[in-house]
Amino acid sequence: MALRIYNTLSRKKEPFQPVTPGKVRMYLCGPTVYKSPHIGHMVGPVIFDAIKRYLVYRGFEVTWIVNITDIEDKLIEAAHRFNTTVQALVEKHTAEYMKVLSDLGIDTIDRFPRATEHMAEIIALCQTLIDKGYAYEAQGNVWFSVEKDEDYGKLSGRKIEQQESGLRANLAGEGKRNPADFGLWKSTKPGEPSWNSPWGPGRPGWHIECSAMAMKYLGQTFDIHGGGMDLVFPHHENEIAQSESATGQPFARCWMHNGLTRIRTKAASGQWQVEKMAGSVGNVVSAQQLIDQYGPDIVRYFLLATHYRSPIEFTDQVLADTKKAYAVFTRLFERVQRLTNQPVSSQGPSVDELGAFKEHRQLFETRMDDDFNTAGAIAELHQMAGQINALIESSKLEQSPDPKVLAQVLAAVQELRNLGGILGLFRVSASAATASDGELSQALMQLIIQLRAEARKNKNFAQADAIRQGLEKIGVVLEDRPGQTLWRKQ
RNA sequence: GGUGGUGUACCCAAGUGGUUUAAGGGGACGGAUUGCAAAUCCGUUAUUCGCCGGUUCGAAUCCGGCCACCACCUCCA
């Protein structure tokens, strides 16, 4: 089955055909680094990371670019407000962004171009648009003339005349000929960061950097352009207008937009309300905090367990459910890890010989081929985990070693890990996950478990239970396995 | 006013015309296992997919109307 992707431009799923056979070039709109990243900022990077991993798995050579917007009105405002410089803000928040990506295991981005490092390209693009008659200079600003672009609005389905004109009228000024025209280059006031240009000192408009950098690194026409749904209009609409007017060529072939993260909050009236999570609303959940609290894999799983185009409603309850769901895998890996001191059959089966297990890979691919249905793909992983546990259970592998069955289990687990790896899951090794806490905790727990074992041996169950319940109260769960007792933090 | 999105069990969430008389996870309940638990396995938990009509041999899936929620049209991933 061939890969199909939902294209916002056509509003349907289309068979994926890269411009250059075997190669995929994609661009994702990155952050304006004026504040710390929140969890909503991670939806795009996480899904695109999974997309890239899947495309690479499918044999494509993939180039993926994420821009960093390091000059923008909000940065100037924030610098002013906090009595610091734009550059200092940029460095601080870019570092935070990179840390979060790194924690989440997103190491597939090939380049992070910055707007301020591409002034020459941006100015050249503005000049081209003026030369071709799509843009005009006025009072040191350069405006894009939307009425010159005959198919303006094709991405968002908007017609300029039908938009609310009252607000628009107020936006006229600074030499704009049409209220809907948007800025390519803005003249700067004294004291603001500025770059020299043919139109005087200024800085780029919001949209132009993406066009300039995407085309520089990916070519005039490339395969996939992504971002949040809130960027469809005006940002992506304007990117298309600028780029295609300048080159006469199609810009991105496929536009992918992820759903926005929402959060449930209590309104002043006391009613619960659901609204998007955004810096401008002030209801954001810090990405770093969430990662620190739940761990990167669970955050990833949380974001991938919903199809990327659906909105994700963020609640503590769902995170708690996610944590439990994910624990099924870590417990399975730990369980298998404990088996590996048993002898393994030297001629372990290949996955193709695993019978019931071998179909999962195909189903996994079918899901992913259908517009990157990561939620469906994760369901396959759960099926596999259940089957592996069932095999361990029915074969009584933990009670009586069986090299052949063990080899089968290990092969199936490897397959599970490989498939999960395509989604960027299961990065923490089983042994690392087991080795919780320091030596002191380990030693103390061994001592406590030893004492409880004595009590059980003497059929002093009241005391044994008291120990276990006491531990439970402080968040430690005991698990009596044949021959040993395991512990873990809740 | 214009544009787009969403509405599937108690909760989260796949599925967009027949292979699904609706995946997967959480929760709940019953069973196996356990001294009791935990973990794991087995089973049960939507005759039904916001509502009303229509098309079709057949629809959660297509069409029309309506309702609710979210978002965009000003910065936002």
Side-chain angles (χ1 to χ4, degrees), chain A residues 8 11 13 28-32 34-35 37-45 66 72-74 77 153 156-168 170-171 180 206 226-235 237 257-262 273-281 284 301-302 305-307 309-313 315 317-328 331-332 334-335 363 367 370 373-383 385-394 398 456 459 461-462 464-465 468-469 472 477-482 485-488:
Chain A
T8 306
R11 306 204 183 286
K13 289 180 194 171
L28 177 70
C29 281
T32 298
Y34 75 105
K35 58 177 189 232
H38 65 259
I39 185 61
H41 287 121
M42 290 300 117
V43 179
V66 176
E72 215 267 325
D73 288 1
K74 276 204 283 237
E77 285 164 26
S156 59
R158 285 158 209 257
K159 300 220 174 355
I160 300 159
E161 321 82 64
Q162 290 173 340
Q163 299 299 305
E164 252 175 20
S165 51
L167 283 169
R168 280 292 194 180
N170 296 330
L171 297 174
W206 176 34
M229 278 184 181
D230 52 347
L231 297 185
V232 173
F233 189 90
H235 187 233
E237 193 71 73
H257 291 100
N258 60 265
L260 299 183
T261 307
R262 301 176 184 171
Q273 60 176 32
V274 175
E275 57 187 357
K276 70 167 179 175
M277 182 184 295
S280 52
V281 185
V284 301
Y301 183 106
F302 168 70
T306 301
H307 184 88
R309 281 192 283 118
S310 300
I312 300 177
E313 194 172 308
T315 63
Q317 182 58 51
V318 175
L319 256 301
D321 289 351
T322 300
K323 191 178 172 184
K324 285 178 186 165
Y326 191 77
V328 169
R331 275 194 227 104
L332 171 61
E334 287 167 3
R335 187 180 196 189
L363 287 166
R367 305 283 207 167
D370 184 13
N373 182 359
T374 54
I378 285 175
E380 278 315 311
L381 302 183
H382 274 284
Q383 297 268 22
Q387 271 186 41
I388 296 168
N389 270 319
L391 176 60
I392 297 173
E393 209 69 19
S394 65
E398 285 163 319
R456 292 177 72 205
K459 304 245 187 265
F461 295 123
D465 290 349
R468 191 177 58 209
Q469 282 152 19
E472 203 173 339
V477 180
L478 292 186
E479 225 179 283
D480 293 325
R481 314 286 314 183
T485 294
L486 304 172
W487 70 277
R488 66 167 185 278

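Note on naming: letters A, B, ... go to the chains in the order of the sequence lines (proteins, then strands), and numbering restarts at 1 for each one. Keep in mind that the numbers below use all heavy atoms, side chains included, and drop hydrogens, waters and symmetry copies.
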Handout entry: Distance-minimising heavy-atom pair for A:Cys29 and A:Leu231
Key = CB-CD1, 3.8 Å

Exercise for the section: Pick base, sugar-phosphate or nothing for A:Gln383, based on heavy-atom distances below 4.0 Å to the nucleic acid. Expected result: sugar-phosphate

Exercise for the section: Have a look at A:Gly40 and say if it touches a base, only the backbone sugar-phosphate, or nothing, with a 4.0 Å heavy-atom cut-off. Expected result: base

Exercise for the section: Measure from CZ on A:Arg481 to P on B:rA38 and round the result to the nearest Å. Expected result: 13 Å

Completion exercise
Once base and sugar-phosphate atoms are separated, protein heavy atoms under 4.0 Å mark nucleotides 26-32 of chain B, 5' to 3', with B, S and - as SS-----

Problem - Rounded distance (nearest 0.5 Å) linking atom NE2 of A:His307 with atom CG of A:Asn258 - result: 10.0 Å

Problem - Among B:rC41, B:rA39, B:rA77, the nucleotide that comes nearest once only the side chain of A:His41 is considered - result: B:rA77

Exercise for the section: Could you tell me whether A:Arg456 contacts a base, only the sugar-phosphate backbone, or nothing, with contacts defined as non-hydrogen atoms closer than 4.0 Å? Expected result: base

Practice task
Have a look at A:Leu260 and say if it touches a base, only the backbone sugar-phosphate, or nothing, with a 4.0 Å heavy-atom cut-off.
Solution key: base

Fill in the blank from the handout: Residue set satisfying side-chain hydrogen bond (donor to acceptor under 3.5 Å, both in side chains) with A:Thr8, at least two apart, ordered chain then number -> A:His257

Exercise for the section: Select base, sugar-phosphate, or nothing to describe what A:Glu275 touches, counting heavy atoms under 4.0 Å on all strands. Expected result: sugar-phosphate

Problem - B:rA46 and B:rG50, which share atom name C1', separated by this distance in whole Å - result: 15 Å

Handout entry: Gap between atoms CG and P, on A:Leu332 and B:rG25 respectively (whole Å)
Key = 13 Å

Completion exercise
Taken to the nearest whole Å, NE2/A:His38 to P/B:rA77 is 7 Å

Problem - Neighbour count above 12 (heavy atom, 6.0 Å) for A:Lys35 NZ - result: yes

Problem - Given RNA chain B, 5'-ward residue of the pair A:Glu313 and A:Glu72, judged by closest heavy atom - result: A:Glu313

Handout entry: Whole-Å gap separating P (B:rA38) and CD (A:Glu334)
Key = 18 Å

Handout entry: Contacts of A:Glu237 that satisfy side-chain hydrogen bond (donor to acceptor under 3.5 Å, both in side chains) - sequence neighbours left out
Key = A:Ser156

Distances for protein N/O vs nucleotides 43-46 of chain B N/O pairs under 3.5 angstrom?
none

Problem - With sequence neighbours excluded, residues passing side-chain hydrogen bond (donor to acceptor under 3.5 Å, both in side chains) with A:Lys324 - result: none

Handout entry: Whole-angstrom distance between B:rC51 and B:rU56, as gauged at atom P
Key = 23 Å

Completion exercise
Hits for salt bridge (Lys or Arg N to Asp or Glu O under 4.0 Å) against A:Arg481, two or more places apart or cross-chain, chain-then-number order -> A:Glu398, A:Glu479

Problem - Distance, nearest 0.5 Å, that separates CD of A:Gln317 from OG1 of A:Thr322 - result: 9.5 Å

Problem - P-based separation of B:rG35 from B:rG24 [nearest Å] - result: 32 Å

Handout entry: Distance, rounded to the nearest Å, where A:Asp480 contributes CG and B:rU40 contributes C1'
Key = 14 Å

Exercise for the section: Pick base, sugar-phosphate or nothing for A:Arg468, based on heavy-atom distances below 4.0 Å to the nucleic acid. Expected result: base

Handout entry: Closest to the A:Cys29 side chain, choosing from B:rA77, B:rG5, B:rG35
Key = B:rA77

Practice task
Report which part of the nucleic acid A:Ala278 touches: base, sugar-phosphate, or nothing (heavy-atom distance under 4.0 Å, all strands).
Solution key: base

Practice task
Indicate, with a heavy-atom threshold strictly under 4.0 Å, whether A:Gly153 touches base, sugar-phosphate, or nothing.
Solution key: nothing

Problem - Short side-chain N/O contact to B:rA77 OP1/OP2 from A:Asn258, under 4.0 Å - result: no

Problem - Under the salt bridge (Lys or Arg N to Asp or Glu O under 4.0 Å) test, residues paired with A:Asp230 that sit two or more places apart - result: none

Exercise for the section: Report the distance from atom CG of A:Asn373 to atom CD1 of A:Ile378, rounding to the nearest 0.5 Å. Expected result: 9.5 Å

Fill in the blank from the handout: A:Met229 atom CE is separated from B:rU3 atom C1', nearest whole Å, by 13 Å

Practice task
Please list every stem that involves RNA chain B, where a stem is a run of 3 or more consecutive Watson-Crick or G-U wobble pairs with both pairing distances under 3.5 Å.
Solution key: B:1-7 with B:67-73, B:10-12 with B:24-26, B:27-32 with B:40-45, B:50-54 with B:62-66

Exercise for the section: Would you indicate what A:Met42 reaches in the nucleic acid, counting non-hydrogen atoms under 4.0 angstrom: base, sugar-phosphate, or nothing? Expected result: nothing

Handout entry: Between B:rA37 (P) and A:Leu486 (CG): distance, integer Å
Key = 19 Å

Problem - Contacts of type side chain to side chain contact (heavy atoms under 4.5 Å, CB included), residue A:Ala325, not counting sequence neighbours - result: A:Tyr301, A:His382

Exercise for the section: Classify the side-chain pair A:Arg331/A:Asn389 by whether it contains a donor and acceptor separated by less than 3.5 Å. Expected result: no

Could you list all N or O pairs between the protein and nucleotides 14-20 of chain B that sit under 3.5 Å apart?
unit_1 : atom_1 : unit_2   : atom_2 : d
B:rA14 : OP1    : A:His307 : N      : 2.5
B:rA14 : O3'    : A:Asn373 : ND2    : 3.0
B:rA14 : O2'    : A:Arg367 : NH1    : 3.3
B:rA14 : O2'    : A:Asn373 : ND2    : 3.1
B:rG15 : OP1    : A:Asn373 : ND2    : 3.4
B:rU16 : OP1    : A:Asp370 : OD2    : 3.4

Exercise for the section: With rounding to the nearest 0.5 Å, note down the distance linking CZ in A:Arg456 to OG1 in A:Thr485. Expected result: 5.5 Å

Exercise for the section: Starting from P on B:rG4, measure out to CD on A:Glu237 and report it in whole angstrom. Expected result: 12 Å

Exercise for the section: Please state the C1' separation for the pair B:rG25 and B:rA14 - nearest whole angstrom. Expected result: 11 Å

Fill in the blank from the handout: On RNA chain B, more 5' by nearest nucleotide between A:Arg11 and A:Asp465 is A:Arg11

Handout entry: Distance, C1' atom - from B:rG54 to B:rU61, rounded to whole angstrom
Key = 15 Å

Exercise for the section: Mind checking side-chain hydrogen bond (donor to acceptor under 3.5 Å, both in side chains) for A:Asp73 and listing every partner two or more places apart, or none if nothing turns up? Expected result: A:Lys186, A:Arg203

Problem - Distance between C1' atoms of B:rG7 and B:rG15 (Å, rounded) - result: 15 Å

Handout entry: C1' spacing across the pair B:rC73 / B:rA59, given as an integer number of angstrom
Key = 35 Å

Practice task
Applying salt bridge (Lys or Arg N to Asp or Glu O under 4.0 Å), name anything that partners A:Arg262, two or more places apart in sequence or on another chain.
Solution key: none

Problem - Minimal non-hydrogen separation, A:Ala375 against A:Ala305, with atom names - result: CB-O, 3.3 Å

Practice task
For A:Gly30, report the nucleic acid contact type (base, sugar-phosphate, nothing); a contact means any heavy atom under 4.0 Å.
Solution key: sugar-phosphate

Problem - Residue-phosphate contact under 4.0 Å: A:Arg158 side-chain N/O, B:rG4 OP1/OP2 - result: no

Practice task
Mind checking the NZ-CD spacing from A:Lys74 to A:Glu77? Nearest 0.5 Å is all I need.
Solution key: 8.0 Å

Handout entry: Inter-nucleotide P distance (B:rG64, B:rC70), Å rounded
Key = 25 Å

